[in-house]
There are 2 protein chains.
Amino acid sequence: MQISKGVEWAAHACGILCAVPQGKGLQSDAIAEFLGVPPAYMAKQMQLLRKASIVDSVRGQGGGYRLAQTADQITLWDIMAAIDGSKPSFRCTEIRQNGPCPASKSSCKTPCIIAAKFAQAETAFRQSLAQTTLAEIAVSASMGSSVERMEKMATWLQSKI
Amino acid sequence: MQISKGVEWAAHACGILCAVPQGKGLQSDAIAEFLGVPPAYMAKQMQLLRKASIVDSVRGQGGGYRLAQTADQITLWDIMAAIDGSKPSFRCTEIRQNGPCPASKSSCKTPCIIAAKFAQAETAFRQSLAQTTLAEIAVSASMGSSVERMEKMATWLQSKI
DNA sequence: TTTTATCTGGATATATTTTATCCGATTAAG
DNA sequence: CTTAATCGGATAAAATATATCCAGATAAAA
């Protein structure tokens, strides 16, 4: 069970967008350059973030992406759900209805106990991610970063917007 | 992010093995028949369960599979880890070290905050699964089952061991 | 108005993982 | 010795993840 790389990229992309001033936008290619990832595929992830209303896009010359919500409203779960989807990762195929001793249709109105337990575990996973906001991530990331790097990033960003 | 079907199959397979009397074994093909799944692939899942010491196998004529531990010692997490592996599903590719403003090696001794948050969420997931034992599942399943079905299952099992 | 820069959406291609099957080797009962 | 079962590896098909490209839409700037 692997989480797509796009989730990692998208999370870092949103982190950069935190530093983009109000009213400005950062291009998809610039984001890809900053993260050192393939631009064409990064663009796909940005489109998924837009569909989920996590970022806004501005078309045309001088356009780009910006956050559609404040950083404390966006959670890691929002980002993951935008990229990977929010369908349960455990797929119950109703095995209990198969074979020589199938459970009756009527007894299968309540979900299979195994599926229920997995659903419960996935809820725990989602809730954990939903407790982490982008704001928290941005702060932690800047705390763990040297002053030199922060200045370098600010300069780079200036040259792109 | 999808959990492999094998996890579902393995969980149900272990459920059946709960009903196999001490000292007896149930063949892989019989398990597949009972669950209505492809025998060859079911056999692969049984081998994974064996590698994880969740089941024991007996080779040769009259052989088969049985639980290697008591039902209350086996958790859903054990089964899932046996089939899907226990590697983290979020893969941190150290994006922060990429691009025009890379983080220094020395500042990357502590894990990336994003990876850390995902690790935390996965721990919540695992702990939730680890709290559910096979015994609990077997009881719940039998509670939700009709007397007719339980008898049918017992008869079928008798014919196979 | 024309040019330029950017996102949009779909088509396509490649790599990886999942799903599935088969077969020879091994083991044990009859 | 013959039969019945798992073991382990090789292989193949299907699905998904990863990645690229291009024509079209849109908007700012010249």
Side-chain angles (χ1 to χ4, degrees), chain A residues 1-10 13 17 20 23-33 35-66 68 80 82-85 87 89-91 93 95 160-161, chain B residues 1-10 13 17 20 23-33 35-66 68 80 82-85 87 89-91 93 95 160-161:
Chain A
M1 185 187 55
Q2 301 274 284
I3 294 172
S4 124
K5 284 189 195 175
V7 173
E8 186 193 11
W9 300 7
L17 291 184
V20 174
K24 301 278 188 173
L26 189 59
Q27 305 157 21
S28 180
D29 280 1
I31 297 172
E33 179 198 341
L35 300 182
V37 298
Y41 198 41
M42 182 78 249
K44 279 278 179 263
Q45 317 305 323
M46 295 311 297
Q47 285 182 24
L48 291 173
L49 288 176
R50 183 185 171 275
K51 277 188 192 160
S53 298
I54 292 171
V55 302
D56 277 335
S57 66
V58 179
R59 288 216 235 183
Q61 192 169 19
Y65 288 98
R66 66 182 65 147
M80 170 153 180
I83 305 297
D84 253 18
K87 279 179 304 187
S89 48
F90 181 87
R91 299 160 287 175
T93 59
I95 275 187
K160 293 294 178 180
I161 59 179
Chain B
M1 183 186 58
Q2 303 274 293
I3 295 172
S4 126
K5 283 190 198 173
V7 173
E8 187 194 11
W9 301 6
L17 291 184
V20 173
K24 302 279 186 169
L26 188 60
Q27 304 160 19
S28 180
D29 280 359
I31 296 171
E33 179 199 340
L35 300 181
V37 298
Y41 198 39
M42 182 77 248
K44 277 279 179 258
Q45 316 308 324
M46 295 311 297
Q47 285 181 23
L48 291 172
L49 288 176
R50 182 184 174 277
K51 275 187 194 162
S53 297
I54 292 171
V55 302
D56 276 336
S57 69
V58 179
R59 285 217 234 185
Q61 192 171 19
Y65 289 98
R66 65 181 69 147
M80 170 157 179
I83 306 296
D84 252 19
K87 279 179 305 187
S89 48
F90 181 88
R91 296 161 289 174
T93 60
I95 274 187
K160 293 293 177 179
I161 60 181

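So you know, we letter chains A, B, ... as the sequences are listed, proteins then strands, and number each from 1.
- Contact record, A:P39 with A:D29: CB-OD1, 3.7 Å, taken as the closest heavy-atom pair.
- Remark: the B:R59 side chain and the C:dA28 base include no donor-acceptor N/O pair separated by less than 3.5 Å.
- Separating the CH2 atom in A:W9 from the CD1 atom in A:I83 is a distance of 10.5 Å, to the nearest 0.5 Å.
- Between A:Q27 atom CD and C:dT8 atom P the separation is 13 Å, expressed in whole Å.
- Between C:dT8 and A:S57, a contact under 4.0 Å exists linking OP1 or OP2 to a side-chain N or O.
- Closest non-hydrogen pair, A:M42 versus A:A13, comes out as CE-CB, 3.9 Å.
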Quiz item: Taking it one step at a time, do B:L17 and B:M46 satisfy side-chain contact (heavy atoms from CB on, under 4.5 Å)?
Solution: CA-CA 11 Å; B:L17 291 184; B:M46 295 311 297; 4.1 Å; yes
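- The partner of D:dA30, taking Watson-Crick or G-U wobble pairs whose two distances both stay under 3.5 Å, is C:dT1.
- A sub-4.0 Å separation between OP1 or OP2 of C:dT4 and a side-chain N or O of A:Q61 is absent.
- Distance, B:M46 CE to C:dT21 C1': 18 Å, rounded to whole Å.
- Following rounding to the nearest Å, B:I83 (CD1) and C:dA20 (P) show an atom-to-atom distance of 14 Å.
- For C:dT17, the OP1/OP2 oxygens have no side-chain nitrogen or oxygen of B:S4 closer than 4.0 Å.
- Projected onto DNA chain D by closest heavy-atom contact, A:V58 and A:P38 fall at different nucleotides, the more 5' of which corresponds to A:P38.
- Set against C:dC7, D:dA17, D:dT6, the side chain of A:Y41 has D:dA17 as its closest nucleotide.
- A sub-4.0 Å separation between OP1 or OP2 of D:dT18 and a side-chain N or O of B:R91 is present.
- Comparing B:G63 and A:K5, the nucleotide of DNA chain D nearest to each residue sits closer to the 5' end for B:G63.
- For the pair B:M42 CE and D:dT6 P, the interatomic distance rounds to 12 Å; values are reported in whole Å.
- Look at NZ on B:K44: it is 6 Å from C1' on D:dG8, rounded to the nearest Å.
- Between B:Q47 atom CD and C:dC23 atom P there is a gap of 16 Å when expressed in whole angstrom units.
- Per the geometry, CG belonging to A:D29 stands 10 Å off C1' belonging to C:dC7, to the nearest Å.
- B:L48 places its CG atom 12 Å from the C1' atom of D:dC7, with the value rounded to the nearest Å.
- Within the nucleic acid shown, A:G25 has no heavy atom closer than 4.0 Å to any nucleic acid atom.
- Here D:dC7 is the nucleotide among C:dA20, D:dC7, C:dT21 with the atom lying nearest to any side-chain atom of B:R50.
- Pairing each heavy atom of B:S53 with each of B:A68, the nearest pair is O-CB, 3.5 Å.
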